[in-house]
Structure formats: C-alpha cells, structure tokens
Amino acid sequence: MEVPKRIYVFLVLIASALILIYAQSVIIPFILAILFWYMIRVFKKILLKIKFVDRLPGWILTTVSSLLLFSFLLLIVNIITNNIQQISETMPVYQANINKITVELNSYFNIDVASLLDNFAKNLEFPALIRSLISALTGLFGNAVTIVLYLIFLLLEENMFPKKIKVIYPDPEKHKKIDEILNKIDKSIINYVALKTVISILTGILSYLALLFIGIDAPFFWAFLIFILNFIPNIGSLAATVFPAIFALLQFGRFTEGFLVLGIVGMIQLVIGNFIEPKVMGNSLNISPLVVILTLTLWGVMWGITGMLLSVPITVILIIIMAEFPSTRPFAILLSQDGQLNTGAENKF
C-alpha cells in the first residue's frame, strides 16, 4: 500500500512542476496579483488607523487603496524608465572606462590582466544588457492587464470568501476553528508583506541617498534594484551591494567610488539586515539559508529571474500556511531555520 502511495505523490510532484513551467504565463501574473492584493489590504489597514476613515464603506477604502498603490507603481515605472534611458545615453563612457580599468589593474598586479579583461570586454556588450532590462520591463507591462484583471476579481471575491467557508463548514465549531486558522494565516501574510516591504523601502531610500551622494548615474534605478533584491535574504543583499559597486567602477573608471559604494551600501545592508530587520520581523522570515539557495535554484530554473525574485516570498507564505495544519507542520519545521514557527511579527503592524 505504501509503494503506490509514494508513486502517487511522485507523479503529483512531477505534474505540479510541469504545470508550473508550462503555465507560468498564467501563474506568475496571478501570484503578482495576490501580492498586490495583500499590499492593497495593507494600505486599507493603514487608512483605517486615520480618524473617521473607519466609518467609510469598505468599497471606498478598497478603491482609494488601489489608486494609491497603482499611482505609486506608475511613478516608479516612470522614474525607472527615465533612469534606464540615462544609462543608455552614457553607455559609450562606460565602454571607454573598461580600457582604463584594465590598464590600472595591469599596473597594480603586474600581470597580463589587461589582455584577459580586454577579451572579456569585447564579449560584454552593455547595450545588449540594457536592451534585456528594457525587454524584461516591457514583459512586465505586457502582463499588467492580466495582473489587473486577476486583481479585480480577487477584490470582488474577497467579500464572498467568508460566506463560502461558512457553507463548506456548516457546523459552528468546525467553522469557528477553520475561521480562526484562516484569520491567523491571513494576518501573518499581511504582516510579512507589510513589514518586509517597509524594511526594503528603508534600505532602498538609504541606498539612494548614499548613491546620490557618491554621484552614481541613475541612483533611483539602483535603489529600486536594491529594494527588489532585499526580498531575497543573504544572497539578495550581497547582489544588491555588488551590482551598483561594479557600475560605479565602470562609470568613473577608478576604484574609489566602487569601494565607497561597496562600503556604504554594504554597511546599510549589514545594519538593517542584522539589527533592525530581526527586531521588526521577528520569526516571520525564519527560513533556512539552505532552503533559500534551493528555492532560488528551483524557481530560477522554472521561471527565470522572475522566479528567483518570487521564490522567497512564495516559500515564506507556504511556511506560514503549512505551520497552521498538523499534517503539514513537519514540512514547515524542516523549511525553517531553527524550527521555531511562531510568527514574531504577528501583532507588530
């Protein structure tokens, strides 16, 4: 009896992986819509703390929250587009600075670094890199309509979901128990999304000020990249520090600014990641570093860069959900860092 059951589980896993790979054009916009839905609910939670606002109908709060979110997103897209255009226009300067850097490296190390980096520079085409970034951005715009449609239906379905749960569990005791579990999961996810977003925004703002002070081109673009990568613990903060540092090296053609970016942005990541975030987030991001690596690889293989960015939020949400059910709680413990599944950030937001 055990063998057929294991085969059944294996077949389900294979089928799920195939669906995730071949239906990613449908699933990715839906996941993004869910994240935006939670962000809208965070905005509603903030608005409800304002005096007299709690008297307004729910649909007005939802509309205002949605408009605030989309206005914020449109502003970010507009600024990023201008920043990418700025980088594209100054691309010849960066190409010329590569030769200058190779000469300095050659003089410092007294080896044939120049020829090695020269060959590397010939194969490294920055305009192609910019085009790929613009292509990725265009792809996101292409999914915008689908994401909005999903989001609209999620908002419409929001009020009907509790009624459906009541019909599914007519027994008052069972309904009360399920309702408590769902509310706990819901609050945990909202707190995770809200607090992680606030921490990432704080990191992005401080990094923006640092990059602006140093004089890096398109500082908002790099700050936004730092904001996005901050959702990936450990690896994300490292990449968010290295990328602008390399760009500073190419922009100025000398090492001083690159080391400044590496030092200042790295210090911001260190302070926030090791002191501020643990106090604010509690155990809501209690995920094993090994699991982070494995999920990054897994989702990266299936969904590319988008999958890598979404991998940790998806995993954290799965841990939060699995922790609330006895049958899946052992899996949540295995995925956690220290086996502690109490959500420390549950009542902080």
Side-chain angles (χ1 to χ4, degrees), residues 13 16 20 27-28 30-46 150-151 154-155 157-158 161-162 164-165 168-169 174-201 228 230-236 273 276-296 298-299 302-303 306-349:
L13 290 175
S16 301
L20 289 172
I27 298 174
I28 291 176
F30 182 67
I31 291 175
L32 290 172
I34 290 175
L35 291 175
F36 288 146
W37 176 55
Y38 272 107
M39 287 182 185
I40 288 172
R41 298 183 66 194
V42 169
F43 276 116
K44 286 174 65 176
K45 199 170 181 179
I46 294 172
Y150 283 144
L151 186 56
L154 281 170
L155 292 172
E157 194 76 14
E158 185 178 1
F161 188 72
K164 292 180 180 179
I165 294 297
I168 295 172
Y169 297 98
K174 287 185 178 180
H175 176 262
K176 183 180 179 181
K177 185 177 180 181
I178 292 296
D179 193 50
E180 287 176 355
I181 291 173
L182 292 176
N183 284 333
K184 189 174 180 181
I185 291 172
D186 188 57
K187 287 179 181 178
S188 297
I189 294 175
I190 286 178
N191 277 282
Y192 164 72
V193 172
L195 293 173
K196 189 62 181 176
T197 302
V198 169
I199 290 293
S200 299
I201 289 174
I228 294 294
N230 200 59
F231 281 88
I232 305 174
N234 304 321
I235 298 173
I276 298 176
E277 186 169 339
K279 289 184 178 180
V280 175
M281 297 291 292
N283 289 329
S284 63
L285 197 57
N286 184 17
I287 179 171
S288 167
L290 177 61
V291 172
V292 171
I293 299 293
L294 292 175
T295 54
L296 276 173
L298 177 65
W299 291 103
M302 290 192 297
W303 291 351
T306 306
M308 293 177 74
L309 292 174
L310 293 175
S311 62
V312 174
I314 290 172
T315 306
V316 171
I317 289 172
L318 286 175
I319 291 174
I320 290 171
I321 294 172
M322 289 189 295
E324 297 302 324
F325 299 95
S327 59
T328 56
R329 188 175 175 84
F331 295 103
I333 292 173
L334 286 173
L335 293 174
S336 67
Q337 184 173 0
D338 55 12
Q340 301 298 319
L341 298 178
N342 295 324
T343 306
E346 185 172 349
N347 297 315
K348 290 185 180 181
F349 188 76

From [atom1] ([X]) to [atom2] ([Y]), nearest 0.5 Å:
| X | Y | atom1 | atom2 | answer |
| --- | --- | --- | --- | --- |
| I165 | K174 | CD1 | NZ | 14.0 Å |
| Y192 | I320 | OH | CD1 | 8.0 Å |
| N191 | Y38 | CG | OH | 11.0 Å |
| L335 | T295 | CG | OG1 | 9.0 Å |
| I168 | K164 | CD1 | NZ | 8.5 Å |
| M39 | T197 | CE | OG1 | 4.5 Å |

**OP:** Considering non-hydrogen atoms only, spot the tightest contact between H175 and Y169 and give its length.
**Re:**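 Taking every non-hydrogen atom into account, CB-O, 3.2 Å.
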**OP:** State, to 0.1 Å, how close A323 and A332 come at their nearest heavy-atom pair, and which atoms those are.
**Re:**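 Heavy atoms only, the tightest pair is N-CB, 3.8 Å.
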Do [X] and [Y] have side chains that approach each other closer than 4.5 Å (heavy atoms only, starting at C-beta)?
| X | Y | value |
| --- | --- | --- |
| I34 | I317 | no |
| V316 | F231 | no |
| L151 | L32 | no |
| L20 | W299 | yes |
| R41 | D186 | yes |
| V291 | I319 | no |

**OP:** Name all residues meeting the side chain to side chain donor-acceptor pair (under 3.5 Å) criterion together with S200; count only those two or more places apart in sequence or in a different chain, and write none if there are none.
**Re:**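 If we apply the side chain to side chain donor-acceptor pair (under 3.5 Å) test to S200, skipping adjacent residues, the hits are N230.
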Original post:
Stepwise, does the side chain to side chain contact (heavy atoms under 4.5 Å, CB included) test hold for F36 with L154?
Top reply: CA-CA 10 Å; F36 288 146; L154 281 170; over 6 Å; no
**OP:** Report yes or no: does N183 contribute a side-chain atom to a donor-acceptor pair with the main-chain N or O of D179 at less than 3.5 Å?
**Re:**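 Such a contact is found between N183 side chain and D179 backbone.
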**OP:** Check the pair I185 / F325 against side chain to side chain contact (heavy atoms under 4.5 Å, CB included), numbers first and verdict last.
**Re:** CA-CA 10 Å; I185 291 172; F325 299 95; 3.9 Å; yes
